[in-house]
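Within every chain, numbering begins at 1; the chains are lettered A, B, ... in the order of the sequence lines, protein sequences first and strands thereafter.
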Amino acid sequence: MANNVEKLNGIAITSIEKVNGITDDDLEALNGEEFTGTPPDSLVLISTHTASASSTIDITSGLDSTYDIYEFHFINIHPSGTGLPYLGFQVNADGGSGFNEAIQSSYIAAQHTEDNSASGITYNTYEDQDVTDGEYQELFHGMDDDADESVNGILKLYAPSSGTYVKHYVSRFNGPHHNVSAGYQMETFGGGYISTSTAIDEISFKMSAGNIDAGTIKMYGIIK
Amino acid sequence: MPLTLISEHNVTSAVSTLDITSGLDSTYDVYEFHCYNLVTGTAWDGKFGFQCNADGQSGFNEVITSSHNTVNHNETGSSHNWNYNNSWDLTHATNKNIVDQYQGTLYQAVNRAQFSDASGNDGYTPDPTDYLVADGTSCGIITLYNPASTTYIKGFTADFNTMGGVKLSANIHSFHTYAAGYINTTSALDEISFKYHNGTWGSGTIYMYGVS
C-alpha cells in the first residue's frame with residue numbers, strides 16, 4: 001500500500017505507530033485522501049466486554065465525539081436467577097454521577113409460542129419510559145436462565161457527545177421470552193431519546209434482577 | 001459487514017434539498033445513509049424524506065410503493081400508540097401519500113414530523129402558535145439495496161427516532177418510525193435527494209456508506 005503522507009499535525013508519519021488504535025500498517029485512508037489502497041472498514045471495534053456473573057457492565061471510556069454513531073452488539077446474553085428479568089441500559093452525562101438520565105422511549109415486541117398456540121405484535125407500555133422515570137431502559141424483557149437460552153441484539157446510539165440536542169437510540173433484539181404461562185420466541189423493537197442536551201460519556205448495562213451470567217457486549221464506532 | 005465511508009454531507013444553513021449525485025453505482029450492493037441530528041429549518045415542517053433519480057433521467061420522481069409505521073409515546077405518559085400510517089395526510093392535498101405511497105412519485109417519508117397538529121396530523125397549515133422543541137432532532141438510517149440493478153426493482157428500509165412536539169402544547173413525543181418499500185423501476189439509480197416535505201431543512205448531517 002502506498003503511503004503519500006509525510007507529516008500529520010507536524011509529526012513525521014514514520015513516527016506515528018497508531019491512530020485511534022489502528023496501526024500504521026493497517027491505516028489505509030485518512031479523510032479519504034491521504035492514503036491509497038482499499039478503504040478501511042468504517043465499523044470500528046472500540047472495546048469488548050465479557051460478562052461473568054456481572055451485576056452491571058459499565059463502559060466508562062470510549063464514548064465521546066470521535067464517532068457520531070455508536071453500536072453495541074450483544075452476543076449470547078445469558079442471565080442468572082429467576083424472576084423473568086429484563087436486560088436494560090442507562091447512561092451518565094459528562095460530569096454527572098450515576099446512571100439515571102431521563103429517557104423517553106417506546107417499545108414493541110413480536111412474539112410466537114413454541115407450540116404455535118399464540119403469536120402477535122404489541123406495544124408494551126410496561127417496557128417504555130417517561131422522562132420522569134430515570135430507570136434502566138428495557139432492551140429485552142422476560143428472560144429466563146435455562147442453560148441453553150440467550151439473547152442477541154444491537155443498540156444504536158446517535159451523537160452522544162452533542163451539547164445541544166437530545167440523544168436518540170434505536171434497538172432490536174431477539175431471543176427466548178418467558179411469562180408465567182408460556183415460552184416464546186420474541187423480537188423487540190425499541191426507540192427513544194435520552195432527554196438531556198449534556199454530552200453522554202458513560203453507559204451501563206444490567207439485568208433487572210440477578211446478574212449477567214455470561215455473554216459479550218462489543219462497542220463499535222462508525223467512522224465519520 | 002464492512003462499511004466504507006463514501007461521502008459526508010452537512011447542512012449548516014437552511015436548504016430546500018440535499019442531492020447526492022455521485023458515488024451511487026455498482027461498487028456496492030447495499031448503501032446506507034446515516035442521518036443524524038436532523039432539524040427542520042422552519043417552525044413548521046413535514047416529514048423528512050428521500051427520492052431517487054434513474055441513470056440518464058432527470059428529476060427526483062421515481063415511482064415508489066411503501067409502508068410506514070410509527071411507535072409513539074409522549075413525555076407525560078398519557079399516550080402510547082403503534083400505528084400503520086396511511087391516513088394522517090389524506091385531508092392535506094399537497095401531502096397525500098407522503099407517508100405510505102402506492103406507485104407515487106413524492107419524496108418517501110422516513111420519520112414523523114418534528115411538529116404536528118393536535119390530532120397528530122403532519123404537514124398541516126402553518127400556525128404561529130406551534131410548540132417549538134428547541135433540542136429536538138431526528139436520527140436514523142436508510143438502507144438502499146442494489147441500486148445499480150437493471151433487472152430488479154430497488155428495495156429500501158428506514159429506521160428513525162424523532163423528538164417531536166404537538167401543536168398548542170408542550171406535549172412532546174418520541175416517535176420511532178419504520179418505513180420500507182421499493183422504487184419500482186428496473187433502471188439503475190445513480191442519484192438520491194433528501195428534503196423536508198414542507199418548509200426547509202435547517203441542519204444535520206448525512207454520511208453515505210457502501211456495504212460489502
Side-chain angles (χ1 to χ4, degrees), chain A residues 28-29 31-32 38-44 67-69 71 73 102-109 121-133 154 156-172 189-198 220-224, chain B residues 1-10 23 27-28 32 34-39 69-83 111-112 133-141 158-164 172-178 203-212:
Chain A
E28 297 173 339
N31 291 332
T38 304
D41 186 355
S42 291
L43 190 64
V44 177
Y67 305 100
D68 286 330
I69 302 176
E71 291 189 359
H73 293 210
I103 295 176
Q104 180 69 20
S105 63
S106 61
Y107 186 101
I108 58 176
I121 185 166
T122 56
Y123 187 110
N124 294 60
T125 56
Y126 293 110
E127 276 68 56
D128 67 11
Q129 286 196 76
D130 304 332
V131 288
T132 55
D133 293 336
I154 295 175
K156 298 180 182 181
L157 179 63
Y158 291 88
S161 67
S162 172
T164 305
Y165 299 119
V166 300
K167 287 74 180 168
H168 292 280
Y169 79 90
V170 296
S171 65
R172 186 174 182 178
F189 304 87
Y193 51 83
I194 298 138
S195 190
T196 177
S197 56
T198 303
Y220 294 89
I222 298 180
I223 289 177
K224 59 182 179 179
Chain B
M1 187 190 70
L3 279 177
T4 301
L5 178 61
I6 298 170
S7 57
E8 174 183 349
H9 307 268
N10 292 295
T27 305
Y28 302 98
E32 290 187 357
H34 293 207
C35 310
Y36 89 98
N37 283 351
L38 307 181
V39 178
N69 65 89
T70 298
V71 190
N72 164 25
H73 182 202
N74 68 349
E75 291 193 356
T76 60
S78 61
S79 174
H80 313 251
N81 297 300
W82 174 46
N83 295 309
N111 69 353
R112 272 294 304 270
V133 185
D135 56 355
T137 66
S138 187
C139 296
I141 295 174
D159 185 356
F160 275 69
N161 202 79
T162 303
M163 181 185 190
I172 302 171
H173 293 244
S174 172
F175 296 114
H176 189 189
T177 299
Y178 307 92
S203 63
T205 299
I206 296 179
Y207 296 109
M208 177 180 178
Y209 295 89
V211 182
S212 54

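- A side-chain N or O of B:Asn69 and one of B:Trp82 form a donor-acceptor pair less than 3.5 Å apart.
- Contacts of B:Ile141 with chain A are made by both backbone and side-chain atoms, with heavy-atom separations under 4.5 Å.
- Neither the backbone nor the side chain of B:Ser79 comes within contact range of chain A; no heavy atoms are under 4.5 Å apart.
- Looking at A:Phe189, the atoms closer than 4.5 Å to chain B (heavy atoms on both sides) sit in the backbone and in the side chain alike.
- Aromatic ring centres of A:His73 and A:Tyr220 lie closer together than 6.0 Å.
- In terms of heavy-atom pairs under 4.5 Å with chain A, the best-connected choice from B:Thr205, B:Asn74, B:Ile6 is B:Asn74.
- Residue contact with chain B, scored on non-hydrogen atoms closer than 4.5 Å, is absent for A:Lys167.
- Between B:Cys139 and B:Phe160, every side-chain heavy-atom pair lies at or beyond the 4.5 Å cut-off.
- With ring centers used as reference points, A:His168 lies 6.0 Å or more from A:Tyr158.
- Judged by distance alone, the side chains of B:Asn111 and B:Ser138 do bring a donor and an acceptor atom under 3.5 Å apart.
- Only the side chain of A:Ser195 comes within contact range of chain B, with heavy atoms under 4.5 Å apart.
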